[in-house]
Amino acid sequence: MMKRIFIALAAAVLMASCAPNPFLSEWETPYGIPDFAKIKERDYLPAIKKGIALQNAEIEAIVNNPAAPDFENTVAAFDRSGAVLSRVSAVLFNLSESDATDKLNSIVAEAMPLISEHSDNLMMNKALFERVKTVWEADQSALTREQQMLLKGLYEGFLDNGINLDEASQARLKAINSELSSLSLSFANNLLAQSNAFKTEFGFPVSNYYDKMASTEDRALREKIFKAYSNRCNHGDSFDNKENVRRTMQLRIEKARLMGYDTPAAQILKTKMAGTPGAVDTFLDEIMKAAMQRAKEEVADMQKYMDVDIAAGILPAGTTIQPWDYLYYAEKVRKDRYDFDEAEVMQYFKMENVRNGVFGNASRLYGLSFEPLEGVTLYNDEAEAFKVSDSDGSLIGIIITDYYPRDSKRGGAWMTNFAEQYVTPDGQNVRPVIVNVGNFNKPADDQPSLLTIDQVETMFHEFGHALHGLLSQCSYRSLSGTSVKRDFVELPSQINENWAFEPEVLATYAFHWKTGEVIPAELVEKMRACANYGQGFSTGELTAASILDMKWHELSELSDDEDMEALESRFCAEMGLIDEIIPRYRTTYFNHIFGSSGYSAGYYSYLWAEVLDKDAFELFRQKGIFDSETAMSFRHNILEKGGSEEPMTLYRTFRGADPDASALLRARGLK
């Protein structure tokens, strides 16, 4: 009997090992959704290695093509290469962020150096570069503007990744890139572990931190929560990120010098809209001064309320506002001055209703329709999928929403792709599969998921990114969707926030979860009246994080014995940050810039793009927030274009003028 069982088990293992790897062919699923029912953790590394080998073969075919280099046989061919590697990477890295396991983390740790080395080998392939250079130096007049942009991006990509370095310098650059990829993974894993530990200690996820700080009456508990939150990965234990940050910055500084730049910021910003660190510093300094002036007024307001508690014997004499008091007393001022209670508003923000409002807003602006997809296997039971169609019934793409926190998901909210939009050589327009991820309030007891004002705004924000990906109409994968300059990518997301609390929009989704009553006009008015209260804090902490990012990346050296906390404190003092506020992200949990390189010397992009979004929305205000001509102009000139044109050219085409730099301060009530 045991022998038969052993044989049966052996046969099952053999059959499993012989099963085809699902990443090595197109998904046989509805609308190109990854085949999560078939994907196993054992499939990732073989698919990564096979994908690298296949792309190497494709590059060899380009290099060895006897025909003279031209756009189609070199640049377009390069853009089409690496389909298998793109397919497996999209799933692996998305799931490592939103549904990780220990095994998946170990797979990522093994895969990242392989992918980093492969990327370096591509960008340091001199024979390939010579073909691209030949096309670059030839007459480009016959190319479309999108083709010119693809060629420009590829040519400059070679230069920015060390193609002109000598052999020894290239070898060093490869080593730096490999180590940086490992450091970013270590940083992110430490942060996830510390965030989960925070949840275990306090009973709520880090995504609820701001709400808890505003509502917790026990001052000692507020202080404990604040110190635990603000010192994540800064405890000197095995999850401490200070040495990850030190080594990351030392390597980024070395890399910048290797490439001929004084600082990482100078290297990174060369290809961004801002252009130089000085331009970013000047931009942020003006906002910081206005924010701190308002923040000091807010602190004075709050101190009066704290003094009442002192007089009542609730607090000892001489107590002053501290960072753990800011949100709590700001809420007291807001309730007293505006008779506003966010807990009351939340009763009208049931998650499913808000999502319907987000979809409905896109329908009214851009003519889209949304249909739930039933019977589709996704990566987690909490995720849901929707088919998005255009007004003529044609497929726009798929949007997957995954909105609740779990231990396997990192904090924050984001948009990514499981599949990108592009056009095949035979003219097929491949439509994208987009995912919006959040960490919103979960249903609890007999109550559904009820969102805070900030969470509602976040849902609209991330869906703005989704629209950028969904509506893309580009020919080339490298330019489609959100593949734009970092300080432009937040325009579609941030402008979408502007509709969230318009009375006309609220009337379509803000229904009381028990009674079904639409949100009362007087409550909407209270919400609007107090919308700009606390902008000293919110603008200040965001600007402080942006400046902190710049300070790190404007370093030209960093010693092994530099006190990292003291350095951060010095940066905060230099930027004029008042003691009652800390940056939105302190260094050891600043995942945007150290858990990846995506926003390195680029976190300012949120504020930079807010100038564009507020200026653009002023046009909607002038024409009508649902003016069809303005909406379709935004769709055709911004959302569909991806990186097929320079960002400012796209913006001017839509707006008819350069952006007004004061629009941000006006919108935040700071000017």
Side-chain angles (χ1 to χ4, degrees), residues 93 96-97 100 102 104-106 108-109 112-113 116 176-202 205-207 209 225-255 264-265 268 323 405 407-412 414 439 541 544-555 557-572 577 582-603:
F93 292 115
S96 72
E97 297 272 279
D102 290 342
L104 200 65
N105 287 338
S106 68
V108 171
M112 287 184 73
S116 175
I176 290 172
N177 288 339
S178 179
E179 188 175 351
L180 283 172
S181 69
S182 297
L183 286 166
S184 68
L185 180 62
S186 175
F187 184 100
N189 287 342
N190 285 348
L191 179 54
L192 179 60
Q194 288 273 275
S195 296
N196 286 338
F198 177 93
K199 178 183 176 183
T200 299
E201 181 177 1
F202 294 104
V206 293
S207 56
Y209 167 78
I225 293 171
F226 167 80
K227 289 182 176 178
Y229 178 88
S230 62
N231 281 292
R232 282 175 293 156
C233 301
N234 189 30
H235 297 287
D237 57 18
S238 58
F239 298 119
D240 194 299
N241 266 334
K242 288 193 291 294
E243 290 309 312
N244 278 333
V245 171
R246 183 195 308 276
R247 186 60 182 155
T248 294
M249 287 314 310
Q250 287 174 335
L251 290 171
R252 287 178 179 172
I253 291 167
E254 183 184 357
K255 180 176 179 178
I268 293 165
D407 290 348
S408 59
K409 182 192 288 187
R410 73 168 173 87
W414 61 95
N439 279 275
E541 64 158 9
S546 303
I547 297 174
L548 181 61
D549 169 33
M550 291 301 297
K551 292 284 189 181
W552 281 115
H553 289 91
E554 288 173 339
L555 291 175
E557 60 182 358
L558 182 62
S559 68
D560 289 338
D561 58 359
E562 184 81 57
D563 185 323
M564 303 295 280
E565 285 190 85
L567 192 54
E568 182 189 81
S569 296
R570 192 189 90 198
F571 292 157
C572 290
L577 184 64
I582 64 171
R584 178 170 295 184
Y585 301 104
R586 291 192 63 199
T587 299
T588 55
Y589 53 92
F590 207 158
N591 201 56
H592 286 75
I593 65 173
F594 293 119
S596 70
S597 60
Y599 281 85
S600 303
Y603 195 70

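Quick caveat, the model's predicted, so the values are computed rather than measured.
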Looking at Pro583 and Cys572, what are the two nearest heavy atoms and their distance? CG-SG, 3.9 Å
For a quick check under 3.5 Å, do Ser195 and Arg232 share a side-chain donor-acceptor pair by atom type? yes
List the residues meeting ring-ring contact (aromatic ring centres under 6.0 Å, His included) with Phe226, not counting sequence neighbours, and say none if there are none. Trp324
When you look at Ile176 and Glu254, which way does the side chain to side chain contact (heavy atoms under 4.5 Å, CB included) test go after all the steps? CA-CA 8 Å; Ile176 290 172; Glu254 183 184 357; 3.7 Å; yes
Could you tell me which non-hydrogen atom of Asp407 sits nearest to which non-hydrogen atom of Asn196, and how far apart they are? O-ND2, 3.1 Å
Start with the C-alpha distance between Tyr229 and Val206, add both sets of side-chain angles, then the distance that settles side chain to side chain contact (heavy atoms under 4.5 Å, CB included), and finish with yes or no. CA-CA 7 Å; Tyr229 178 88; Val206 293; 4.1 Å; yes
Nearest 0.5 Å, please: how far is CG in Leu558 from CE in Met249? 7.5 Å
Student check: side-chain heavy atoms of Val245 and Leu183 closer than 4.5 Å: no
Between Pro113 and Ser182 the two heavy atoms that sit nearest each other are CG-OG, 4.2 Å
Derivation of the side chain to side chain contact (heavy atoms under 4.5 Å, CB included) call for His553 and Leu548: CA-CA 9 Å; His553 289 91; Leu548 181 61; over 6 Å; no
I'd like to check the side-chain hydrogen bond (donor to acceptor under 3.5 Å, both in side chains) partners of Asp240; sequence neighbours left out, ordered by chain and number. Lys242
Does the pair Asp560 and Gln250 meet the rule for a side chain to side chain donor-acceptor pair (under 3.5 Å), with working shown? CA-CA 9 Å; Asp560 289 338; Gln250 287 174 335; 2.8 Å; yes
Taking Tyr603's backbone N and O only, do any of them form a donor-acceptor pair with Asp549's side chain (distance below 3.5 Å, no angle check)? yes
Atom OH in Tyr599, atom CD1 in Ile268: separation rounded to 0.5 Å? 13.5 Å
With ring centroids as reference points, do Phe590 and Trp552 lie under 6.0 angstrom apart? no
Report the distance from atom CD1 of Ile593 to atom OG1 of Thr587, rounding to the nearest 0.5 Å. 7.0 Å
For the residue pair Tyr209 and Phe198, does the interplanar ring angle fall in the parallel (under 30°), tilted (30 to 60°) or perpendicular (over 60°) class? perpendicular
Identify the heavy atoms of Ser186 and Asn241 that sit nearest to each other, and give their distance. O-OD1, 4.2 Å
Separation of Asn244 CG from Thr588 OG1 (nearest 0.5 Å): 10.5 Å
Taking the inter-plane angle between the rings of Tyr585 and Tyr589 on a 0 to 90° scale, is it parallel (under 30°), tilted (30 to 60°) or perpendicular (over 60°)? perpendicular
How long is the gap from NE2 on His235 to CG on Asn190, to the nearest 0.5 Å? 11.5 Å
Looking only at heavy atoms, what is the nearest atom pair of Ser96 and Val108, with distance? CB-CG2, 3.7 Å
With a 6.0 Å cut-off (strictly less than), is the heavy-atom count around CG of Asp102, excluding the residue itself, greater than 12? no
Answer yes or no: is there a side-chain heavy-atom contact under 4.5 Å between Ile253 and Pro264? yes
Whether the Ser600 and Arg252 side chains hold a donor-acceptor pair (N or O, under 3.5 Å, no angle test) is what I'd like checked. yes
Do Lys551 and Glu568 sit within salt-bridge range, that is, some charged N less than 4.0 Å from a carboxylate O? no
Heavy-atom pair with the smallest gap, counting every atom of Leu180 and Thr248: CD2-O, 3.7 Å
Rounded to the nearest 0.5 angstrom, the CD-OG distance for Glu97 and Ser596 is 7.5 Å
Considering residues at least two apart in sequence or located in another chain, which fulfil the salt bridge (charged side-chain N to carboxylate O under 4.0 Å, His left out) criterion with Glu243? Arg246
Between Leu191 and Arg410, is there a side-chain heavy-atom distance shorter than 4.5 Å? no
Are Arg586 and Glu565 close enough that some pair of their side-chain heavy atoms sits under 4.5 Å apart? yes
Within the supplied structure, the quantity of interest is the number of heavy atoms (other residues, nucleotides, ligands) at a distance under 6.0 Å from Glu201 CD; does it exceed 12? yes
Donor + acceptor pair across side chains of Asn177, Ser116 (<3.5 Å): no
